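This one's a predicted model, so the numbers in the text were calculated from it and none came from an experiment.
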Amino acid sequence: RVQLVESGGGSVQAGESLKLSCTASGDTDGLYCMAWFRQAPGKGREGLVATPSKTPTDAVPLISDSAKGRFNFSIDTAKNTLYLQVDNLKPEDSAVYYCAGRKYIPCHWSQNYDYWGRGTQVTVSS
């Protein structure tokens, strides 16, 4: 199995930035995709970014339309760590941010993800 641990969440003021991290451990040889999702209170889970976690691969990194502009992500495949940088945070970004892993490509967030972290809370006050 694969374990995913998120970190970097917190309470911030609108306009500030946060960098979230997700580190995978365990049977990472079987991990081919990693992604970030978020879920705000009373709302469904929203896919933000998804990327292959191994190279070479035919899969390509993806970012959702809602995440374009203020969200940037990167992956360190040697460390099995996925990062999500969120700039100019807004109150509507307040949510639990989850990292997920998948055993197969394609990596799009609409696919079923096999592994989930416990999430990290981001709270943005105005």
- Item | Ile105 side, atom CD1; Gln111 side, atom CD - distance, nearest 0.5 Å | 10.5 Å
- Note on the structure: Of Glu46, Glu6, Arg38, Gln121, the one forming a side chain to side chain donor-acceptor pair (under 3.5 Å) with Tyr97 is Arg38
- Give the cluster check for Leu82 versus Leu62: same hydrophobic cluster or not, with ILVMFWY residues linked at side-chain heavy-atom distances below 4.5 Å. no
- Note on the structure: For Ser17 and Asp87, the nearest pair of non-hydrogen atoms, with its separation, is OG-OD1, 2.9 Å
- Out of curiosity, Trp109 CH2 to Ile63 CD1, how far, rounded to the nearest 0.5 Å? 7.5 Å
- Task: Could you pull out the closest heavy-atom pair between Pro61 and Pro52, with the gap in Å?
- Result: N-CD, 3.8 Å
- State, with a plain yes or no, whether a side-chain heavy atom of Phe71 is found less than 4.5 Å away from one of Asp93. yes
- Task: Would you name the heavy atoms of Leu31 and Gly101 that are closest together and state the gap between them?
- Result: CD1-CA, 3.5 Å
- Among all residues two or more places apart in sequence or in another chain, which pass the ring pair (Phe, Tyr, Trp, His ring centres under 6.0 Å) test with Phe37? Tyr113, Trp116
- Would you give the length of the straight line joining atom CG of Leu20 to atom OH of Tyr83, rounded to the nearest 0.5 angstrom? 12.0 Å
- Task: Can you see which heavy atom on Gly26 is nearest to which on Gln3, and at what distance?
- Result: CA-OE1, 3.6 Å
- Message: Are the side chains of Ser53 and Asn80 in contact, using a 4.5 Å heavy-atom criterion?
- Response: no
- Rounded distance [0.5 Å steps], OG in Ser7 versus NZ in Lys19: 10.5 Å
- Message: Among Val2, Val49, Leu4, which residue satisfies the side-chain contact (heavy atoms from CB on, under 4.5 Å) criterion with Met34?
- Response: Leu4
- Query: Should we say atom CZ of Arg70 is surrounded by more than 12 heavy atoms from elsewhere, each under 6.0 Å from it?
  - Reply: yes
- Message: Could you check whether any side-chain heavy atom of Leu48 comes within less than 4.5 Å of a side-chain heavy atom of Phe73, counting everything from C-beta outward?
- Response: no
- Task: Kindly say whether Asn112 contributes a backbone atom to a donor-acceptor pair with the side chain of Arg102 at under 3.5 angstrom?
- Result: yes
- Query: Roughly how far apart are Lys79 NZ and Ser21 OG, rounded to 0.5 Å?
  - Reply: 10.0 Å
- Check the side chains of Thr23 and Thr81 for a donor-acceptor pair under 3.5 angstrom, ignoring hydrogens and angles. yes
- Query: Linking I/L/V/M/F/W/Y whenever their side-chain heavy atoms sit closer than 4.5 Å, directly or via other members, would Tyr32 and Trp36 fall into one cluster?
  - Reply: no
- Salt bridge flag under 4.0 Å for residues Lys68 and Asp65: yes
- Item | Within one Ile-Leu-Val-Met-Phe-Trp-Tyr cluster: Ile75 and Val86, side-chain cutoff 4.5 Å | yes
- Indicate yes or no for a side-chain donor-acceptor contact from Thr28 to the backbone of Ser25 under 3.5 Å, with no hydrogens or angles considered. no
- Within a radius of less than 6.0 Å around OH of Tyr115, do more than 12 heavy atoms belonging to other residues, nucleotides or ligands occur? yes
- Item | From Asp114 atom CG to Cys33 atom SG, the distance as rounded to the nearest 0.5 Å | 9.5 Å
